[in-house]
Amino acid sequence: MLESLLLSVLIIAIALALLLVKVLIRKNGSFSSQHIHDSEAMRARGIHCVIDQDREAREANRAY
């Protein structure tokens, strides 16, 4: 029981360290935005978040 708990904590600690590598190593490093509307590739394809899609559908009276 204790071994599995320690192993789980170790795995989580390694995962967090790997997530922070970009922030710690790069000068002015930061996490990039994960929002769809901030992605240039998604905007080029006409894909946007569900909140925007819902608003557009309601404005066009096509909401279900």
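Not measured: the values here are computed from a predicted model.
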(request) Find out whether Q53 and H48 are in side-chain contact, i.e. whether some heavy atom of one side chain is under 4.5 Å from a heavy atom of the other. (result) yes

(request) Give, for atom CG of L16 and atom CD1 of I11, the distance between the pair rounded to the nearest 0.5 Å. (result) 12.0 Å

(request) State the CD1-CZ distance between I36 and R43, to the nearest 0.5 angstrom. (result) 12.0 Å

(message) Please report the interatomic distance CG(L5) to CE(M1), rounded to the nearest 0.5 Å.
(response) 6.5 Å

(request) Would you give the length of the straight line joining atom CG of L19 to atom CD1 of I14, rounded to the nearest 0.5 angstrom? (result) 12.0 Å

